[in-house]
Amino acid sequence: MPHRNLKPGTMIYPLPAVIVTCGAGIEQSNMITVAWTGTICTDPAMCYISVRPSRHSYPILREQMQFTINLTTEAMARATDWIGVRSGRDYDKWKETGLTPVKGVAVACPYIKESPLCIECKVKTVLPLGSHDMFVAQVVNVLADERLFDPETDAFRLDRAGLISYSHGQYFRQGDHIGKFGFSVQKKKK
């Protein structure tokens, strides 16, 4: 069957649905739901978020030049969506969602207690790209939920967190495990 042509658009899905926290401490912080995020370098560890300049969090990000990416779970799905459709200009998002702010370790902004993995970042550059500006950042600290470490092997089991993703306007839970990196070339055990 042939493929259908669509107009050019951002169709690289699924993406992680994350909540970005920003601000100078808990009292001055805000949260924004972001799907335009990802890894851009491993050494040094770097990532990015893309945010529309019209968003309430945008000037906070520009002024503070730091943020925390908080991965989200199925239990956080309603809060993740609510944060994405309501503005911090009009609501105290912490109070409205019941999420818990925790003082950041390597950045001024808080991280979210309920998040299984929180990535503290310091912005290196901001790239104006059109509808969104890309905040390119270095990862300065990672906070992992202690409950996701296997008690026998001490392996971090993020697969047990119940992460969610965003795909073309919809939220989904992560699917079944189908392999690991390199499984296609791994020698079979006899």
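No experiment lies behind these values; they were computed from the predicted model shown.
The side chain to side chain donor-acceptor pair (under 3.5 Å) search around Gln66 returns none, not counting sequence neighbours. Scored by the ring-ring contact (aromatic ring centres under 6.0 Å, His included) test, His3 finds no partners at all (sequence neighbours excluded). Applying the side chain to side chain contact (heavy atoms under 4.5 Å, CB included) rule to Pro44 yields the partners Cys41, Met46, Gln138; only residues at least two apart in sequence or on another chain are considered. Every residue two or more places apart in sequence or in another chain that forms a ring-ring contact (aromatic ring centres under 6.0 Å, His included) with Tyr171 is listed here: Tyr166. By the side chain to side chain contact (heavy atoms under 4.5 Å, CB included) test, Thr39 is found to be paired with no residue, residues two or more places apart in sequence or in another chain being considered. Every residue meeting the side chain to side chain donor-acceptor pair (under 3.5 Å) condition with Arg173, not counting sequence neighbours, appears here in chain and number order: Glu74.
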Extract all donor-acceptor atom pairs below 3.5 Å that involve side chains of residues 95-103 and protein atoms in other chains or at least two apart in sequence.
from   : atom 1 : to     : atom 2 : distance (Å)
Thr97  : OG1    : Lys93  : O      : 2.7
Thr97  : OG1    : Leu99  : N      : 3.3
Thr100 : OG1    : Glu114 : OE2    : 2.7

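A 4.5 Å side-chain heavy-atom check between Ser57 and Cys22 finds at least one atom pair inside the cut-off. Here the side chains of Arg147 and Arg160 are not in contact, with every heavy-atom distance at 4.5 Å or above. You'll find the side chain of His56 reaches within 4.5 Å of the side chain of Asn30, heavy atoms only. Side-chain atoms of Arg52 and Ser131, non-hydrogen and from C-beta on, do get closer than 4.5 Å to each other.
In terms of heavy atoms, Arg89 sits closest to Arg55 at NH2-C, 3.9 Å. The heavy-atom pair separating Pro16 from Thr37 by the smallest distance is CG-CG2, 3.8 Å. Scanning both residues, Tyr48 and Ile40, for their nearest heavy atoms gives CD2-CG2, 3.7 Å. The two residues Gly84 and Thr33 make their nearest non-hydrogen contact at N-OG1, 3.2 Å.
Residue Met1 is found outside any hydrophobic cluster, as its side-chain heavy atoms come under 4.5 Å of no other Ile, Leu, Val, Met, Phe, Trp or Tyr. Side-chain contacts under 4.5 Å among hydrophobic residues (ILVMFWY), followed directly or transitively, place Val139 together with Val18, Val20, Ile32, Val34, Ile49, Val51, Tyr58, Leu61, Met65, Phe67, Ile69, Leu71, Leu117, Ile119, Val123, Val126, Phe135, Val142, Leu148, Phe149, Phe156, Leu158, Leu163. Alongside Ile178, the hydrophobic cluster contains no other residue (criterion: ILVMFWY side chains under 4.5 Å).
In this structure, the side chain of Ser29 does not engage the main chain of Cys109 through any donor-acceptor pair within 3.5 Å. Ser50 contributes no side-chain N or O that, together with a main-chain N or O of His132, makes up a donor-acceptor pair within less than 3.5 Å.
In this structure, a donor-acceptor pair under 3.5 Å is present between the side chains of Thr21 and Asn70.
In the hydrophobic cluster analysis, where Ile, Leu, Val, Met, Phe, Trp and Tyr join through side-chain heavy atoms closer than 4.5 angstrom, Trp36 is grouped apart from Ile12.
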Exercise. Given side chain to side chain contact (heavy atoms under 4.5 Å, CB included), test Thr73 with Ile164 step by step and report yes or no.
Key: CA-CA 5 Å; Thr73 64; Ile164 60 173; 5.7 Å; no
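Note that the CG atom of Asp145 and the NZ atom of Lys113 stand 10.0 Å from one another [nearest 0.5 Å]. To the nearest 0.5 Å, atoms CD1 (Ile19) and OG1 (Thr72) are separated by 6.0 Å. Remark: Leu15 CG to Ser167 OG distance equals 8.0 Å, nearest 0.5 Å.
Residue pairs meeting the salt bridge (Lys or Arg N to Asp or Glu O under 4.0 Å) criterion with at least one member in residues 116-133, sequence neighbours excluded, do not occur. Contacts classified as ring pair (Phe, Tyr, Trp, His ring centres under 6.0 Å) and involving residues 73-128 (residues at least two apart or in different chains) are given here: Trp82-Tyr91.
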